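Treat the numbers as computed from the prediction; the structure is a model and nothing was measured.
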Amino acid sequence: MASKNPDMLIRVDIEKTMSSRGRRFFLKAAFSSVEGFVVLFGPSGAGKTLTLQSIAGLLTPDSGRIELRDSVLFDSKSGINIDPQHRNIGYVFQDYALFPHLTVFENVGFGLRKRWPQPLSQPHRLKVEEFLDIFEITHLAASFPFDLSGGQKQRVALARALIRSPELLLLDEPFSALDTLLRVKLRDELLAIQARFKVPVIMITHDPEDIRVFAQTLVTYETGRVCKVETSLKARSGAKQARG
């Protein structure tokens, strides 16, 4: 089913109730954006990761609708709920979620396999080699995740997420486990990666510096709900600098 607004990049309007050990958490998240970089900001436990999981199809909302470009990923009224593997969305988890028993080469190429442990075709092997080169991790091809630094793990996770040319990239606090100097370096790398692959990004962060560097649309959460959506932040920032 097509979206009614083909210019819209992402539109989310969902509700979800979570229950655990006698406690209930109610999520009500609604935002939309036509811009290439959306930042979800707010305190821990506010519902940001649940929102990402819903967009990726890893969590099913109780009600609502999720649209990506001209496609409907989820619509409770119409009974639409596209399987995660068919949403063409890349997801980099907070802990990177690399397969510990696979090498860097095998991790990056994992999503290209039709079945496991079927070997990669020669064209796919060449594609993995290309991505190892792009992310400057060719020398780590035979290494396992436990041998990698935090920055190296992030590059592997990004390569694995992007090798299938996703329509959207989801990042859950990608810099939280890194020291300050490495965060600065990898922020620059992420900007370069987005420009190269021209992939829109939705990123969770607790760091105001990430907002300054990345946010074109800023979605601010309080406990269980979106309380503010600000758009065109980069354009307004540029206008302020020009006037200054």
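- The ring pair (Phe, Tyr, Trp, His ring centres under 6.0 Å) search around Phe197 returns Phe131, not counting sequence neighbours.
- Connectivity analysis of hydrophobic side chains (ILVMFWY, heavy atoms under 4.5 Å, direct or indirect) links Phe144 to Phe146.
- With 3.5 Å as the limit, one finds no donor-acceptor pair spanning the side chains of Ser76 and Ser63.
- No donor-acceptor distance shorter than 3.5 angstrom exists from the side chain of Ser78 to the backbone of Ile80, with no hydrogens or angles considered.
- Side-chain atoms of Ser232 and Gln216 form no donor-acceptor pair, as typed in the model, at a separation below 3.5 Å.
- Electrostatic pairing of Glu167 and Arg87 does not count as a salt bridge here, judged by no charged N lying under 4.0 Å from a carboxylate O.
- Asn107 places a side-chain N or O within donor-acceptor distance of the main-chain N or O of Phe99, the cut-off being under 3.5 Å.
- In this structure Phe105 satisfies the ring pair (Phe, Tyr, Trp, His ring centres under 6.0 Å) test with no other residue, sequence neighbours excluded.
- Taking Ile, Leu, Val, Met, Phe, Trp and Tyr as hydrophobic and joining them when side-chain heavy atoms fall under 4.5 Å apart, one finds Leu181 isolated, its cluster having no other members.
- For the pair Arg125 and Glu129, the salt-bridge criterion is not met [side-chain N within less than 4.0 Å of a carboxylate O].
- Arg160 has its side chain within reach of Leu98: a pair of non-hydrogen atoms, C-beta onward, lies under 4.5 Å apart.
- Residues in residues 44-78 take part in no ring pair (Phe, Tyr, Trp, His ring centres under 6.0 Å) pair, two or more places apart or across chains.
- The cationic atom of Arg187 (NZ for Lys, CZ for Arg) lies less than 6.0 Å from the six-membered ring centre of Phe175 and within 45° of the ring axis.
- Salt bridge Lys153/Asp95: absent, no basic N to carboxylate O contact under 4.0 Å.
- Checked against a 6.0 Å centroid threshold, the rings of Tyr221 and Phe41 do not count as neighbours.
- Panel note: side chain Tyr96, backbone Pro174; a donor-acceptor pair is recorded below 3.5 Å.
- Sorted by first then second residue, the salt bridge (Lys or Arg N to Asp or Glu O under 4.0 Å) pairs that include residues 15-31, not counting sequence neighbours, are Glu15-Lys28, Lys16-Asp62.
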